[in-house]
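Single-structure report; data block below.
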Amino acid sequence: MRNMNYFCIVKRFKTFIILTIICLISLNTNEISASNSVQSLTTDEDSIEISLLTCAPGQEVYSLYGHTAIRYNDKKKGIDIAINYGMFSFKAPFFILRFIFGLTDYEMGIIPFDAFCEEYRYENRSVTQQVLNLTAEEKKEIIKAIEKNYLPENRVYRYNYFYDNCTTRARNILLDNIDGEVCYPNKKESYPSFRDLIHSFNDNDPWARFGNDILLGAKADRKTNLNEYQFLPYNLMYDFEKATIKDKNGITRPLILSQHDVVKCQTSINNEKGFPLRPSTCAWIFLGCIIITTIIEICFKKNFWLFDALLIFIYGCIGLILLMMFFSKHPTTSTNLQIFLFNPLSLFYIYNIVKRNRTNRLWYYFSGSIACFFIGGLFQDYAEGTYILALSLLIRCIYNIIRKKNNDK
């Protein structure tokens with residue numbers, strides 16, 4: 001979803017060459033002017049088509065959820081452009097930090113439709129076009145809205161993954177300018193949670209899912225409504241397929257005139273081998289290491305205090321990231337109950353661990369925090385493998401508490 005449609009073209013030399021050739025061949029002076037400004041758009045009903053474009057997911061993490069854009073095609077004027085609300089640059093100052101805190105700015109952009117399609121063809125990602133069934137007046141209003149949106153002071157917006165993204169922006173500018181009520185025959189009272197919705201797209205990338213689930217809090221597990229459900233491109237496309245428009249006179253017409261693939265690609269199989277183990281597998285291996293280490297300590301009457309210090313340091317550092325997300329503008333990252341396991345306060349106890357655990361207070365503290373983590377699982381879906389990680393730390397807590405009591409006798 002976090003699509004880098006234009007900036008990826010710049011970064012990829014081969015794609016840049018292809019798009020440059022297309023632009024030089026296919027664009028005349030009027031088309032170039034139209035791609036840079038929407039002031040020249042015409043409202044001739046017979047010659048204009050306005051369509052919703054839905055792009056298939058890609059193999060990169062930022063493209064796992066697909067993308068949405070709008071096509072404006074004036075056959076009479078020879079203007080064919082894609083209006084894209086998903087443009088951003090990694091080169092922006094403090095991009096990663098701003099993204100973490102929900103301060104990322106996206107931008108509306110306009111590029112030639114052929115160039116737009118060529119990029120997705122190059123990435124082997126299909127693009128589906130849904131031509132909207134609009135009146136001349138509705139087309140005129142949509143064009144006005146696009147013109148206003150494309151003004152320099154309006155084209156940049158504060159991106160929010162669930163609530164204000166490239167899909168919701170495209171949907172709103174279309175539906176807000178339709179003279180009538182858009183009705184969805186399969187509308188429900190509630191829909192799956194945000195977490196469940198994105199899970200349906202990252203099944204084949206368990207580590208991307210793990211990263212999302214670590215950062216998302218309890219608010220991501222509440223049921224969504226129709227508007228929220230449509231934040232994913234394919235959900236919006238499927239809803240548009242069967243939607244109708246009911247005007248003020250009670251006359252109903254389908255929202256979509258026609259639907260077809262403007263870029264048709266075979267379903268790509270990701271042949272790039274990522275990390276071969278799932279998060280849960282790694283967690284079980286980690287638990288095995290904890291058990292083996294603890295058994296060795298018991299058999300040889302040793303205390304591997306450095307091992308515990310490293311363990312607490314790793315958990316605490318992850319907790320610092322979760323703590324940062326509490327102050328993020330992303331509304332679904334606050335109230336993340338996984339912070340009871342990855343507790344940043346544990347970093348303050350590393351000194352006591354290095355001093356050979358002179359007190360049991362810290363291990364009781366860790367045990368209580370882990371207990372809160374397990375209780376929190378009743379209210380939040382945790383990332384894959386985190387229960388196993390909690391059990392690993394709990395074993396170390398119990399062992400150190402018992403060892404300290406035996407030494408005090």
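- For Arg195 and Asp213, the salt-bridge test passes: some basic side-chain N is under 4.0 Å from an acidic carboxylate O.
- With Tyr315 as reference, Phe342 is the one residue of Phe366, Phe373, Tyr349, Phe342 to meet the ring pair (Phe, Tyr, Trp, His ring centres under 6.0 Å) rule.
- Each of Asn172, Asn149, Thr167 was scored for a side-chain hydrogen bond (donor to acceptor under 3.5 Å, both in side chains) with Tyr85, with one residue passing: Asn149.
- Not counting sequence neighbours, Asn249 has no partner by the side chain to side chain donor-acceptor pair (under 3.5 Å) test.
- Using modelled atom types and a 3.5 Å distance limit, the side chains of Asn84 and Glu107 yield no donor-acceptor pair.
- Atom CH2 of Trp284 has 12 or fewer neighbouring heavy atoms from other residues, nucleotides or ligands inside a 6.0 Å radius.
- In this structure, Phe340 has no ring pair (Phe, Tyr, Trp, His ring centres under 6.0 Å) partners at least two apart in sequence or on a different chain.
- Salt-bridge annotation for Glu138 and Arg253: present, with a side-chain N of the basic residue lying under 4.0 Å from a carboxylate O of the acidic one.
- Not a single ring pair (Phe, Tyr, Trp, His ring centres under 6.0 Å) links Phe240 to another residue, sequence neighbours left out.
- A salt bridge links Glu49 with Lys75; the closest basic N to acidic carboxylate O contact falls under 4.0 Å.
- Between the side chains of Asp239 and Gln230, at least one donor N or O lies within less than 3.5 Å of an accepting N or O.
- Salt-bridge formation is detected for the pair Arg71/Asp80: a Lys NZ or Arg NE/NH1/NH2 atom is positioned less than 4.0 Å from an Asp or Glu carboxylate oxygen.
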